[in-house]
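A short write-up of the structure that comes next.
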Amino acid sequence: METHLRKRLDIIVEAPLQRRVTEVLEAKGVRGYTVLRCLAGKGHGGVWQEGEISSAGAMRMIVSIMPETQARQVLEELQSLLGDYAAIATLSDVEVLRGEHF
Amino acid sequence: METHLRKRLDIIVEAPLQRRVTEVLEAKGVRGYTVLRCLAGKGHGGVWQEGEISSAGAMRMIVSIMPETQARQVLEELQSLLGDYAAIATLSDVEVLRGEHF
Amino acid sequence: METHLRKRLDIIVEAPLQRRVTEVLEAKGVRGYTVLRCLAGKGHGGVWQEGEISSAGAMRMIVSIMPETQARQVLEELQSLLGDYAAIATLSDVEVLRGEHF
Amino acid sequence: MADPFSLALDGLLSPIILFFALGFAASLLRSDLAVPEAVGKAMALYLMLAIGFKGGAELNKQGIDWTTAGLLGAGIVLSFVIPLVAYAILRAFTGLRQADAAAVAAHYGSISVVTFVAATEFLSLMGLSFDGVMVAVMAVMETPAIVSGIWLARRGSAAAGARRRAALDRDLLREIFLNGSVVLLIGAFVIGWITGPRGLETIAPFVVAPFKGVLCLFLLDMGLVAAARLRAARELSLRLVAFGLVMPLLGAAFGFAAGLLLGLGTAEMALLAVLCGSASYIAVPASMRLAVPEASPGIYLTLALAITFPFNLTLGIPLYFALAGLLSGS
Amino acid sequence: MADPFSLALDGLLSPIILFFALGFAASLLRSDLAVPEAVGKAMALYLMLAIGFKGGAELNKQGIDWTTAGLLGAGIVLSFVIPLVAYAILRAFTGLRQADAAAVAAHYGSISVVTFVAATEFLSLMGLSFDGVMVAVMAVMETPAIVSGIWLARRGSAAAGARRRAALDRDLLREIFLNGSVVLLIGAFVIGWITGPRGLETIAPFVVAPFKGVLCLFLLDMGLVAAARLRAARELSLRLVAFGLVMPLLGAAFGFAAGLLLGLGTAEMALLAVLCGSASYIAVPASMRLAVPEASPGIYLTLALAITFPFNLTLGIPLYFALAGLLSGS
Amino acid sequence: MADPFSLALDGLLSPIILFFALGFAASLLRSDLAVPEAVGKAMALYLMLAIGFKGGAELNKQGIDWTTAGLLGAGIVLSFVIPLVAYAILRAFTGLRQADAAAVAAHYGSISVVTFVAATEFLSLMGLSFDGVMVAVMAVMETPAIVSGIWLARRGSAAAGARRRAALDRDLLREIFLNGSVVLLIGAFVIGWITGPRGLETIAPFVVAPFKGVLCLFLLDMGLVAAARLRAARELSLRLVAFGLVMPLLGAAFGFAAGLLLGLGTAEMALLAVLCGSASYIAVPASMRLAVPEASPGIYLTLALAITFPFNLTLGIPLYFALAGLLSGS
Ligand SMILES: Nc1ncnc2c1ncn2[C@@H]1O[C@H](COP(=O)(O)O)[C@@H](O)[C@H]1O
Ligand SMILES: Nc1ncnc2c1ncn2[C@@H]1O[C@H](COP(=O)(O)O)[C@@H](O)[C@H]1O
Ligand SMILES: Nc1ncnc2c1ncn2[C@@H]1O[C@H](COP(=O)(O)O)[C@@H](O)[C@H]1O
Ligand code: NA
Ligand code: NA
Ligand code: NA
């Protein structure tokens with residue numbers, strides 16, 4: 001069974017920014033992504049927790065699988081977009097089956 | 001502190017398929033898995049979002065840690081199961097402490 | 001674009017233990033973490049599912065990015081903390097942009 | 001009975017419809033207004049519990065007779081048959097592939113609980129009551145259409161047959177026959193029947209008094225969801241939209257025919273037409289994902305939710321009532 | 001008072017019990033019927049807020065006397081003591097290990113809010129009212145059993161003592177003494193007491209009118225959860241099941257004894273028996289996970305949720321009321 | 001009218017305030033009491049739907065006159081202007097940076113729906129009713145302050161201007177002008193207006209009867225959230241806390257001035273003061289995150305939620321009513 005190497009990009013970002021991040025992904029031609037809801041966390045901005053009435057403080061995790069070159073372009077674009085925001089991004093290696101899908 | 005190499009299999013799949021996927025995992029002798037709820041996403045089938053009254057459109061992320069050979073068998077089995085469905089699967093390297101647990 | 005190597009520590013643990021785990025992270029000087037809610041799963045303790053009235057049975061996934069040496073220290077500490085509990089932990093490689101952030 | 005046009009206008013300006021319109025408009029304008037998933041699901045459970053219970057309690061008061069049995073039988077037959085008609089139309093006029101046409105057809109054979117509930121509100125606006133057994137008819141009409149749809153999707157495809165037949169597994173059978181919405185509807189109906197008006201009285205402040213208000217919030221959510229579906233629709237041809245508007249009328253016509261055969265009164269005939277003319281978006285889609293994965297939810301969910309549901313809610317229901325009034329000769 | 005057997009039958013055929021049965025059956029049949037987690041939690045909050053508030057408002061009307069203090073004291077003592085009895089029985093007859101036996105014992109010393117609520121509904125079916133302080137008794141009985149349970153689990157194990165004692169940390173103490181359900185119950189009780197019947201009147205359409213209806217939906221959920229636990233049960237021996245059916249009777253006997261000593265009326269005596277005979281599944285499990293991790297939730301949650309709760313709900317409550325009627329001589 | 005001090009005490013001992021205090025205390029003691037996120041959001045939707053609908057239905061009864069237009073105009077102007085004042089004060093006395101001061105200012109120009117709702121409950125305690133248009137005034141005051149705040153944050157910073165102006169994108173514009181809470185409030189208001197008292201009657205068991213009870217549960221949640229914010233506050237200086245206590249009074253003073261100019265009655269004047277004196281924590285924060293990311297939510301959310309909201313809820317509202325009584329000469 002043949003597999004292909006791709007990169008997994010994990011972005012943890014404030015909920016109000018979700019749409020801007022997915023727009024970057026789409027602009028860079030990324031084929032897909034999945035958004036997860038986060039429950040709580042801590043970072044340089046301190047501790048936060050889901051449950052405030054406004055969802056301004058909530059965070060999302062956006063997971064997206066893509067080829068390495070694309071991943072690096074997206075990361076670069078995100079760096080300037082997310083400068084002032086509470087957000088982190090990581091890149092890791094994954095194997096996938098259907099290379100043409102990503 | 002000694003660690004062991006294992007594979008992490010991430011499967012993103014439509015909610016109605018969850019039980020079939022976990023049945024494959026159990027049939028192949030996988031010792032454990034964890035299911036997360038997804039909030040939104042995009043793929044070849046277009047954009048989707050949690051919140052429709054039917055949960056037919058929702059997606060789940062299934063994470064499972066297992067030895068490499070098992071992981072490849074599971075992946076092969078999943079490929080035929082998930083053919084027509086909206087689903088992706090990735091494989092990556094992880095280290096674990098208690099090798100016998102996985 | 002320069003990136004830095006870090007470790008991603010994924011801890012899946014019973015909800016009542018969440019605070020103890022994040023206290024370990026903080027005690028070891030980890031700069032941030034994110035908690036996700038899990039929906040269902042299976043392990044040595046059998047199958048579980050969100051939705052019981054008590055949240056004693058629910059699980060959380062705690063994701064944290066940190067330098068390798070720190071990660072190994074945390075893992076060691078967790079091993080003794082989580083001995084009797086339903087919990088797993090994995091370590092994997094990630095690249096990040098802002099090395100000083102983690 | 002009041003003038004049907006002024007009634008229709010009254011209906012259109014009822015809070016229920018206006019909240020649907022609000023949700024629809026908010027989503028088209030891309031407001032971030034949203035009802036949490038868990039709350040939408042809870043309201044759906046509430047509506048099914050309440051309508052089931054009230055129907056059962058009503059039946060307890062009215063008792064069962066031959067019309068009851070006739071109605072239930074008619075519902076089952078219609079749910080089996082309507083998909084065949086829908087399928088033939090879809091294949092002849094819209095160019096849908098077999099799997100897609102079969103899946104869409106299954107949705108139109110089954111029923112929409114919320115459309116039924118809205119119709120009962122319209123009834124109460126007209127000052128009419130209805131036979132509780134109509135709730136049971138609704139419940140028995142949910143499932144047969146799924147069976148028809150799967151048969152339509154699979155027949156002839158002997159090649160892929162083996163693999164597919166294997167997939168008719170326990171999961172799918174459970175999804176079809178023990179779908180949560182069917183179980184709750186029938187269960188609440190039976191409980192209402194057992195406990196009767198006395199049982200209803202004890203929980204009326206929960207299932208009766210706030211019912212219409214909850215329905216407003218639920219329809220706000222439905223408006224948001226329907227418009228979101230419409231915005232994301234990429235697979236909808238003009239012919240498919242036409243199907244989504246004509247099929248409810250055709251389905252309703254079947255309902256009228258059955259109603260005339262059974263000699264139903266206005267209320268029951270109109271409700272049967274509503275059931276036949278509405279399309280499911282709760283019970284059927286999950287079954288179709290499992291049984292006919294090649295069919296695209298982008299087609300069947302969009303048609304059911306974003307075309308047929310709004311049509312029935314606004315124009316269909318008053319029309320069916322006006323026609324039922326004429327046909328039942330009241 | 002009406003004939004207890006016909007009352008019991010009435011109780012069994014009340015919507016509350018029937019919805020529990022519906023949930024139970026749906027889960028056994030593996031229907032995908034489910035109540036969203038957030039909604040289940042919200043209903044639990046609602047029930048605690050409502051029962052607490054109503055109890056406090058009732059007490060405000062009735063005033064406090066020596067029986068009040070006696071009842072509260074008795075509740076605390078019973079909650080401390082019952083786990084010791086349960087533990088002895090478990091160790092003698094079921095072969096559970098120390099940790100498991102201690103954890104199970106803690107659950108049976110504590111109380112089940114929903115069982116209490118169902119009992120108050122049974123009371124209103126009988127046309128009886130009850131002393132509001134019983135709600136406070138329920139609140140004070142939640143916690144002592146946890147302390148007993150932890151002591152039972154740890155005593156004697158000097159070896160592991162050091163590590164374990166260290167684990168009696170702030171988290172655990174908070175979980176034990178500031179558990180959300182205890183805080184809400186006591187808080188709502190105090191608020192009800194302060195604002196009295198006038199306060200109750202302003203929020204009665206929220207905490208009184210729909211109460212029974214919400215309870216139906218909640219018990220539907222409980223039925224689903226209990227049966228799911230039962231299906232997943234792998235660690236349940238026949239002897240453990242027997243314990244889950246006998247222990248409520250034994251606990252209730254303690255309640256009766258205390259009730260006779262305090263000279264309680266039928267309603268209060270029956271409710272005290274219900275509290276003693278019921279087992280916690282909200283407050284205690286989380287504490288046990290933290291304090292006694294070696295104990296398996298597969299045992300204590302299954303016993304409390306899937307054996308004792310259904311038993312009390314269906315047979316226990318009418319039995320306790322019948323016995324309380326005899327014993328209190330009314 | 002009753003003595004304002006006894007009224008204030010009555011208000012403080014109302015279930016609403018006591019549940020807020022319960023939540024606040026529980027969170028300070030670090031109880032694990034929590035209201036699920038989805039349920040908190042649902043209650044917020046409910047409160048906005050209900051208050052909007054009731055306001056619109058009320059207006060339908062009362063009709064529109066010149067005061068209506070004057071009030072709406074005044075609301076818009078006040079929402080634009082109050083941030084400028086708040087900004088000047090913040091810059092002069094608290095040492096906040098431009099971005100933080102601008103963001104905080106925007107929150108104080110906008111309004112808090114829950115504070116308004118609590119004030120209407122206080123009104124009903126006093127036996128007064130109010131002009132339904134006040135709900136529309138609330139709705140129109142939500143947004144202008146956001147525009148002022150963004151302008152304050154950006155003016156002068158020509159350097160960063162290019163990048164920032166680009167960021168005034170569709171997302172942000174939508175967030176500002178089509179924020180869910182604004183859309184629902186205005187939408188429900190319009191629906192209430194269209195359907196009038198007759199529409200209100202049909203859904204009163206949902207939007208009127210349980211309203212106060214839901215508010216209790218919601219304020220329990222608000223208490224939990226406010227205290228959690230306070231516990232996590234690291235960026236709050238004494239001067240900022242003072243601002244959070246003084247600014248509501250200053251805002252209210254603007255409201256009184258406008259009220260005198262418009263010749264409002266006690267109820268309307270007090271409500272306008274409440275709107276001016278309250279600070280938003282639903283609509284504004286999300287806009288500020290998008291538009292002024294350099295500003296810290298740790299400052300503006302903590303001030304609005306944990307300082308100003310509790311102040312208004314407990315002391316502010318009775319004070320505004322007492323003053324409005326004096327000023328309106330009734
Ligand atoms: N090292 C980390 N590992 C995992 N999640 C993190 C980390 N740092 C920050 N986060 C998440 O990102 C959010 C924003 O981070 P920050 O911008 O550092 O405040 C935090 O609240 C966490 O949820
Ligand atoms: N490249 C990707 N990265 C992450 N998630 C993806 C990706 N492609 C698809 N998905 C997820 O899988 C679902 C189904 O994908 P598809 O079958 O391509 O429509 C999507 O809706 C996403 O949630
Ligand atoms: N191999 C695994 N892969 C992913 N998740 C696991 C695995 N094993 C256990 N888990 C998760 O961790 C929980 C506790 O595991 P255990 O202690 O083995 O019962 C399970 O219920 C799963 O949610
Ligand atoms: Na139909
Ligand atoms: Na007990
Ligand atoms: Na203001």
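Being a predicted model, the structure only gives us computed values, none of them experimental. Numbers restart at 1 for each chain; the letters A, B, ... are given by sequence-line order, proteins then strands.
A donor-acceptor pair is defined here as one N or O able to donate and one able to accept, closer than 3.5 Å; such a pair exists between the side chain of D/R154 and the backbone of D/A291.
Options D/A42, D/P205, D/A286 differ in how many heavy-atom pairs under 4.5 Å they form with chain E, and the most are formed by D/P205. Of the residues considered (E/L220, E/V35, E/I16, E/L22), E/L22 shows the highest number of contacts with chain D, using heavy-atom pairs under 4.5 Å. Comparing D/L49, D/V39, D/I194 by heavy-atom pairs within less than 4.5 Å of chain E, the highest count is held by D/L49. Counting heavy-atom pairs closer than 4.5 Å to chain D, the top residue among E/L215, E/V214, E/V208 is E/V214.
Between D/F206 and E/F211, the ring center distance fails the sub-6.0 Å criterion.
D/V207 does not touch chain E: none of its heavy atoms, backbone or side chain, sits under 4.5 Å away. Neither the backbone nor the side chain of D/A204 comes within contact range of chain E, judged by heavy atoms closer than 4.5 Å. Neither the backbone nor the side chain of E/A25 has a heavy atom closer than 4.5 Å to any heavy atom of chain D. Using a 4.5 Å cut-off between heavy atoms, D/F53 contacts chain E through its side chain alone, with no backbone atom that close.
Under the 4.5 Å side-chain criterion, counting only non-hydrogen atoms from C-beta, E/V274 is not in contact with E/I111.
Taking the ring-ring contact (aromatic ring centres under 6.0 Å, His included) definition, one finds that D/Y300 meets it with D/H107, sequence neighbours left out. Partners of E/F19 according to the ring-ring contact (aromatic ring centres under 6.0 Å, His included) rule, which considers only residues two or more places apart in sequence or in another chain, do not exist here. Checked against ring-ring contact (aromatic ring centres under 6.0 Å, His included), D/F80 has no partners two or more places apart in sequence or in another chain.
Contact between D/I76 and D/P144 at its shortest, heavy atoms only, is O-CB, 4.0 Å. Across all their heavy atoms, D/A102 and D/A153 have their closest contact at CB-N, 3.4 Å. Contact between E/F24 and E/A227 at its shortest, heavy atoms only, is O-CB, 3.4 Å. The minimum heavy-atom distance between D/I186 and D/A139, with the atom names listed, is CG1-CB, 3.5 Å.
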Between chain D and chain E, which N and O donor-acceptor pairs fall under 3.5 Å? A table would be great.
unit_1: D/L178; atom_1: O; unit_2: E/S31; atom_2: OG; d: 2.6
unit_1: D/G180; atom_1: N; unit_2: E/D32; atom_2: OD1; d: 2.6

